[in-house]
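All remarks here apply to the structure that follows.
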Number of protein chains: 2
Amino acid sequence: MDARSKTPPTSITEVTLDVLEDTLSFYIRTMNIAVSRDLDDKLEGLDVAKGTGKITTLLLVDSHPGIRPSIIAELILRDRSATGRLMEQMEDHGLITRRQSSTDSRVQELYITEKGAALAARIRPLVTEQSRDFFKFISPEEQQQLMDILKRAYRRIVGLP
Amino acid sequence: MDARSKTPPTSITEVTLDVLEDTLSFYIRTMNIAVSRDLDDKLEGLDVAKGTGKITTLLLVDSHPGIRPSIIAELILRDRSATGRLMEQMEDHGLITRRQSSTDSRVQELYITEKGAALAARIRPLVTEQSRDFFKFISPEEQQQLMDILKRAYRRIVGLP
DNA sequence: TATTGTTATACTCTATAACTATA
DNA sequence: TATAGTTATAGAGTATAACAATA
């Protein structure tokens with residue numbers, strides 16, 4: 001059988017997504033676009049909007065003073081070069097500071113600034129709320145299911161127990 | 001209480017993700033990075049690697065001859081300008097052709113080429129397999145659960161019933 | 001020899017706005 | 001006045017490779 005249609009579709013309701021209809025990675029990828037766009041809107045103008053990594057970095061540095069860029073790199077799934085540029089950008093914005101470690105001069109220690117701490121405090125509720133609101137039409141039980149499974153996947157991929 | 005640690009962590013296992021630990025959008029965004037990277041690897045050199053949209057476009061045009069760019073734009077969550085550039089790129093690669101509609105000269109009809117059809121046939125199993133393999137460590141039942149929920153979210157966002 | 005971080009490059013995506021042509 | 005598609009631009013992310021300094 002062939003799913004090919006005879007006349008061109010004139011509305012999205014006449015379209016099927018071919019094999020993507022049942023492909024989990026397709027939904028992850030498209031939902032990422034939607035949820036990231038919504039998050040950017042909610043954080044507009046806030047110095048951590050746009051792109052993945054800024055929020056995680058800010059919260060990690062705030063919660064773990066002295067954390068190293070290479071650890072953040074592993075957790076946000078970026079390489080060291082991308083992470084380095086991210087740190088530089090956040091330092092330029094006055095959110096974090098970088099210090100050379102006294103015990104191993106190759107490594108840097110990251111510390112939050114006052115401005116960074118204030119921003120962290122401000123975005124924590126926003127980030128939580130955005131996720132909850134965005135998935136509002138999915139029941140809390142299913143949201144939890146979804147998160148449990150994805151959390152397991154994430155932890156496995158970054159190498160957490 | 002304060003989750004702040006006293007000494008800098010030296011391994012990712014000593015780190016907690018702050019509020020992101022329980023934030024669904026965080027996991028969607030990070031899993032997107034991982035799954036997209038893996039998909040790019042699996043499709044390396046294949047003219048549809050890199051970026052979301054090329055695969056969907058190729059399969060949609062193959063399954064729905066004469067489909068319009070604006071319909072594809074809605075389904076891949078891009079605006080018309082981004083979609084237009086995507087169409088141009090795929091036409092340059094000889095995968096699709098664009099024709100002006102005879103009934104409404106504003107709209108274009110997209111058609112697959114021989115080369116495009118061959119590529120579509122080739123990637124269909126690859127795309128399905130990639131998703132299955134990538135989430136192999138999650139049980140088939142849970143994969144299905146995950147997909148059902150995300151599919152519902154996707155359909156709601158693009159405005160499908 | 002491995003690790004941490006830097007630099008450079010080239011490519012792609014994203015968002016916005018202004019524009020043409022047609023309905 | 002609304003719709004389909006184009007063009008231009010600025011900002012961001014991504015991948016890769018080569019590099020310096022240190023362990």
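Below, chain A is the first sequence line, B the second, and so on; all start at residue 1.
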Closest to side chain of B:R85, choosing from D:dA4, C:dG5, D:dT9: D:dT9
Between C:dA21, D:dT6, C:dC13, which nucleotide gets closest to the side-chain atoms of B:S81? D:dT6
Nearest of D:dA15, D:dG13, C:dG5 to any side-chain atom of A:S70? C:dG5
Atom CZ of residue position A:R122 - does it have more than 12 heavy atoms of other residues, nucleotides or ligands inside 6.0 Å? no
Close side-chain approach of A:R37 and B:L77, heavy atoms under 4.5 Å: yes
For A:R78 and D:dA12, give me the distance from atom CZ to atom P, rounded to whole Å. 13 Å
Can you find a side chain N or O atom of A:R98 that sits less than 4.0 Å from OP1 or OP2 on C:dT6? yes
Given D:dA12, D:dG5, C:dG5, the nucleotide with the shortest approach to the side chain of A:V107: C:dG5
Is any N or O donor-acceptor pair between the side chain of A:R106 and the base of C:dT4 shorter than 3.5 Å? no
Taking the basic N atoms (NZ, or NE/NH1/NH2) and the acidic carboxylate oxygens, is any pair closer than 4.0 Å for B:D133 and B:K42? no
Looking at D:dG13, I'd like to know if its phosphate oxygens (OP1 or OP2) sit under 4.0 Å from a side-chain N or O belonging to A:K54. yes
Would you say the side chain of B:I12 lies within less than 4.5 Å of the side chain of A:L160, judging by non-hydrogen atoms? yes
May I ask you to say what B:E88 touches in the nucleic acid, namely base, sugar-phosphate or nothing, with a heavy-atom cut-off under 4.0 Å? nothing
What nucleotide among D:dG5, C:dT22, C:dT4 has an atom nearest to a side-chain atom of B:R80? D:dG5
To the side chain of B:S105, which of C:dA23, D:dT6, D:dT7 is closest? C:dA23
So, OP1 or OP2 of C:dT6: does either fall under 4.0 Å of a side-chain N or O from A:Q108? yes
